[in-house]
Amino acid sequence: MNKVKIITTVVLLLSIILGSILWRFLELPYVETNVVNNSLINKNHLNDYLRYAVFIFIPSASFLLLRIYQRKFYILKFINELRDNKLSIYKKDQNLLTINILLLLFVVLEFLSLTFPVFKLDFLHEGQELSSSYKSVIDNSLWSGSFIIIGLIQEILTSKFIWKIFNHESIGLMRYADLIYILLCKIFIILIVYKVSIISKLNSFYKEVFFISCSLICLTLINYNNDRLDYDYILYRELFTLVTIYFFLEIITRERGENLFIILISLIGPFSFLWSIDRAIILNLILIVILFYFLLSSNFKKIILFVSFYIISFLFIIFLLGNEFGEFLKNSKIVIEEIGLAHGTIHPVPFSDDKESTRATKILLLILFNILISISLINKTRYPINLRVFFILLSIISFLGYSYALNRSDKIHIAESSGYPIIFTVILILYFLIQFLSKKNLIISKYLFSKKGNFFLFFFIIFVFFFKSINIENIYNYKNRLNKYAYLNDEIYLDKDAIKLINVTKNYVEQYGCIQLFTYDVAILYLLRKINCTKYYFVWSIGTQHLQEDLIDQLKNVQIIIADTDNNKKNPSPKNNLVLVNEYINKKYKKVIEIEDKVILKLVE
């Protein structure tokens, strides 16, 4: 190892150590709030954002300054390279295209082979979708009828739409819609790797090896698992981001026709807020980065086209939503400002014995690795310019995407924030490995087979990968299986206690047009086929005093409340956090009957 590499390594290690030490001491001033959050007592909920930024910034800035000092980093040269880059004309690789189609076909066959999930209902996460969708079916309300904390499409429109197609409401159809989103994520992951393979400029055979190996590894990051508690590294909520990455790759690799993808990518920006509020914030920051890329490469026509259609998309949403647009703005503002405050948790300190610290530290170092590699690649002209641009964009997405884990720092959210750093690392390592093998001509099968022989070899590899996932009988009977699943009785998804709770409760609430929940088991509304009397159907979303006061105001004249019993030990209860609401309910309502871990309360006349 030469002197420069030793100095660089020492500086990086020291800066990482410094960042981890500072993590313990960096704190923003505490701002007094009226939110009950036992995880953040006397703590500013933005502390971890500052700590994360400093932890990544110190090594990144140190490495960048070293590169500048060593005369290995010239940003102006890179900008000139972008401006002088005559869009590469990528020769059509028929073999690669055929393998891409083959891989997509196997992904679809895997989807058609699925055994539909019938695990027990998650009353919180799945109930969130079921109950808000059902209310919209009944009264056609959106934000005016339900306080939405994820996004309109995910919480209401998806289930509502598929229920209308089948003219039937069921848990199975809600889960089936989620499976479709997972399928789309898998498809766009393959398309992204396909475009990266094209811009890699590897030799034909090695390009195909790169494409297949990257695709198969990246596909393992997301599975057809509807269970929110059994996490994947890529959540289907990333669909809009994956689509954006693919459209960007189309823009930078097309000789003509790229304007269509500029229009599509600009339309995604405003619509992403209807998909998922937290994902939309990150996605629109990504779009700003893409605009900056257009600016650096002097593509002013593309900037004008992008901005024009972004505005058109935004105006169309205003027109489409009508009176609901004001409710959307008010709802989104509260979610952005208050959800993290009410439900945020403290992120584990890197390299500590804090719970989940090991997992978090690995991801933080992987994100830092992504950024450092991107910096080092900027002026390495031996690598294709578009490939370097892709790595820079993906490293930025990796950095921004970890914000989901800063807000909710449990193992599920930390794992779900690691998908993009893993994809970056997989593509990078396989690219360098296969490029090395290409230069040394070390893959022997290149000499053993013709092009057709290589194709059948790749077919065999793909077939083996999907072998356990493909079920011919399931594919043949897919339509019948889907119809049966769509109309499966909801009781299949419930345990005995839940069935008893719903059956007994129905007798007491049947005469009422609406009920109010004071429990996190929000699926109860859907299972009773009742709508919530207030917009706060999911009381987990309430944290601040003003929202509690708003709920109390809406509770006036509400006849029936279903709440947790005082001795409920199965799940957390809102009684501990929503003190004002709990006091109001205790004062105004009396117990009618206690069923399992729930109690039905009636308004005292």
Side-chain angles (χ1 to χ4, degrees), residues 93-117 178-198 200 202 204-227 230-236 238-239 242 245-246 415 418-435 437-438 442-446 448-476 478:
D93 190 327
Q94 190 60 47
N95 262 24
L96 186 66
L97 177 61
T98 305
I99 294 169
N100 180 42
I101 294 170
L102 178 66
L103 191 51
L104 290 172
L105 175 62
F106 268 90
V107 167
V108 173
L109 291 176
E110 177 192 39
F111 176 78
L112 296 176
S113 300
L114 290 174
T115 299
F116 297 119
D178 290 347
L179 294 177
I180 293 175
Y181 285 140
I182 295 171
L183 169 65
L184 291 173
C185 284
K186 284 176 172 278
I187 288 173
F188 277 98
I189 286 172
I190 291 171
L191 292 176
I192 288 168
V193 177
Y194 172 68
K195 298 303 292 187
V196 173
S197 302
I198 291 174
S200 69
L202 292 166
S204 180
F205 172 78
Y206 295 98
K207 189 186 298 181
E208 293 155 13
V209 173
F210 172 77
F211 170 63
I212 290 175
S213 54
C214 276
S215 295
L216 296 184
I217 293 174
C218 291
L219 283 175
T220 64
L221 298 176
I222 180 170
N223 296 296
Y224 292 106
N225 191 347
N226 298 72
D227 189 349
D230 190 3
Y231 52 86
D232 290 320
Y233 296 104
I234 291 285
L235 193 63
Y236 71 78
E238 298 299 327
L239 178 59
L242 292 171
I245 295 171
Y246 171 68
S418 63
Y420 295 115
I422 292 173
I423 290 174
F424 180 104
T425 307
V426 168
I427 292 176
L428 180 82
I429 291 174
L430 287 176
Y431 174 75
F432 284 133
L433 175 62
I434 293 172
Q435 186 187 55
L437 295 176
S438 173
L442 291 179
I443 300 183
I444 194 169
S445 62
K446 179 181 179 182
L448 296 180
F449 303 110
S450 62
K451 281 191 174 182
K452 286 185 178 179
N454 287 332
F455 173 78
F456 284 112
L457 173 64
F458 296 140
F459 175 86
F460 176 75
I461 293 170
I462 295 171
F463 177 79
V464 169
F465 180 85
F466 285 99
F467 180 74
K468 289 186 177 181
S469 304
I470 305 296
N471 186 311
I472 301 300
E473 185 179 353
N474 279 0
I475 296 171
Y476 181 76
Y478 186 80

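Start at 1 with the first residue, then count along the sequence.
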Using residues 180-190 as the side-chain source, report each donor-acceptor pair under 3.5 Å to any protein atom, sequence neighbours left out, with the distance given to one decimal.
| unit_1 | atom_1 | unit_2 | atom_2 | d |
| --- | --- | --- | --- | --- |
| Tyr181 | OH | Thr158 | OG1 | 2.6 |
| Lys186 | NZ | Ile222 | O | 3.1 |

Taking the side chain as every heavy atom from C-beta outward, state whether [X] and [Y] have any pair of such atoms under 4.5 Å apart.
{"X": "Leu179", "Y": "Pro117", "answer": "yes"}
{"X": "Leu221", "Y": "Val426", "answer": "no"}
{"X": "Tyr246", "Y": "Tyr194", "answer": "no"}
{"X": "Leu114", "Y": "Asn474", "answer": "no"}
{"X": "Phe466", "Y": "Val107", "answer": "yes"}
{"X": "Val193", "Y": "Asn100", "answer": "no"}
{"X": "Ile462", "Y": "Ile99", "answer": "yes"}

Check your understanding: Counting only heavy atoms not in Phe432, do more than 12 sit closer than 6.0 Å to its CZ atom?
Key ->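 It does: Phe432 CZ has more than 12 such atoms within range.
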Check your understanding: OH of Tyr233: more than 12 outside heavy atoms within 6.0 angstrom?
Key ->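 Check fails, neighbour count at 12 or below.
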Review point. Can you name the nearest heavy-atom pair linking Ser113 to Ser469, along with the distance?
Key: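 So the two residues come closest at CB-O, 3.1 Å.
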Practice item. Could you give me the CA-CA distance, side-chain angles and deciding distance for Phe463 and Phe467, then say whether ring pair (Phe, Tyr, Trp, His ring centres under 6.0 Å) is met? Key: CA-CA 6 Å; Phe463 177 79; Phe467 180 74; 5.6 Å; yes
Mind checking ring-ring contact (aromatic ring centres under 6.0 Å, His included) for [X] and listing every partner two or more places apart, or none if nothing turns up?
{"X": "Tyr431", "result": "none"}
{"X": "Phe456", "result": "none"}
{"X": "Phe460", "result": "none"}

Hey, what do you get for [atom1] ([X]) to [atom2] ([Y]), rounding to the nearest 0.5 Å?
{"X": "Thr98", "Y": "Asp93", "atom1": "OG1", "atom2": "CG", "value": "8.5 Å"}
{"X": "Glu110", "Y": "Asn471", "atom1": "CD", "atom2": "CG", "value": "12.0 Å"}
{"X": "Ile475", "Y": "Leu112", "atom1": "CD1", "atom2": "CG", "value": "6.0 Å"}
{"X": "Leu96", "Y": "Ser200", "atom1": "CG", "atom2": "OG", "value": "8.5 Å"}

Review point. Parallel under 30°, tilted from 30 to 60°, perpendicular over 60°: which one fits the rings of Tyr224 and Phe111?
Key: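 Tilted, since the angle between the ring planes falls between 30° and 60°.
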Exercise for review: Report the residue from Ile422, Leu239, Ile423 that forms a side-chain contact (heavy atoms from CB on, under 4.5 Å) with Ile234.
Suggested key: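 Exactly one pass, corresponding to Ile423.
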Side chains of residues 210-220: which donor-acceptor pairs under 3.5 Å do they make with residues two or more places apart or in other chains?
| unit_1 | atom_1 | unit_2 | atom_2 | d |
| --- | --- | --- | --- | --- |
| Ser213 | OG | Val209 | O | 2.7 |
| Ser213 | OG | Phe210 | O | 3.1 |
| Ser215 | OG | Phe211 | O | 2.8 |
| Thr220 | OG1 | Ile217 | O | 2.5 |

Exercise for review: Check the pair Tyr420, Leu242 against side-chain contact (heavy atoms from CB on, under 4.5 Å), reporting the backbone distance first and the verdict last.
Suggested key: CA-CA 10 Å; Tyr420 295 115; Leu242 292 171; 4.0 Å; yes
Check your understanding: Taking atom types as modelled, is there a side-chain donor on Tyr206 or Gln435 under 3.5 Å from an acceptor on the other?
Key ->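 No.
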Point to revise | Side chain Ser438, main chain Ile434, donor-acceptor under 3.5 Å | key: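 No, Ser438 side chain to Ile434 backbone: no donor-acceptor pair under 3.5 Å.
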Exercise for review: Please lay out, stage by stage, how Leu104 and Leu191 fare under the test side-chain contact (heavy atoms from CB on, under 4.5 Å).
Suggested key: CA-CA 9 Å; Leu104 290 172; Leu191 292 176; 4.2 Å; yes
Point to revise | Residues which pass salt bridge (Lys or Arg N to Asp or Glu O under 4.0 Å) with Glu208, listed by chain and number, not counting sequence neighbours | key: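 In terms of salt bridge (Lys or Arg N to Asp or Glu O under 4.0 Å), with neighbours along the sequence ignored, Glu208 is linked to no residue.
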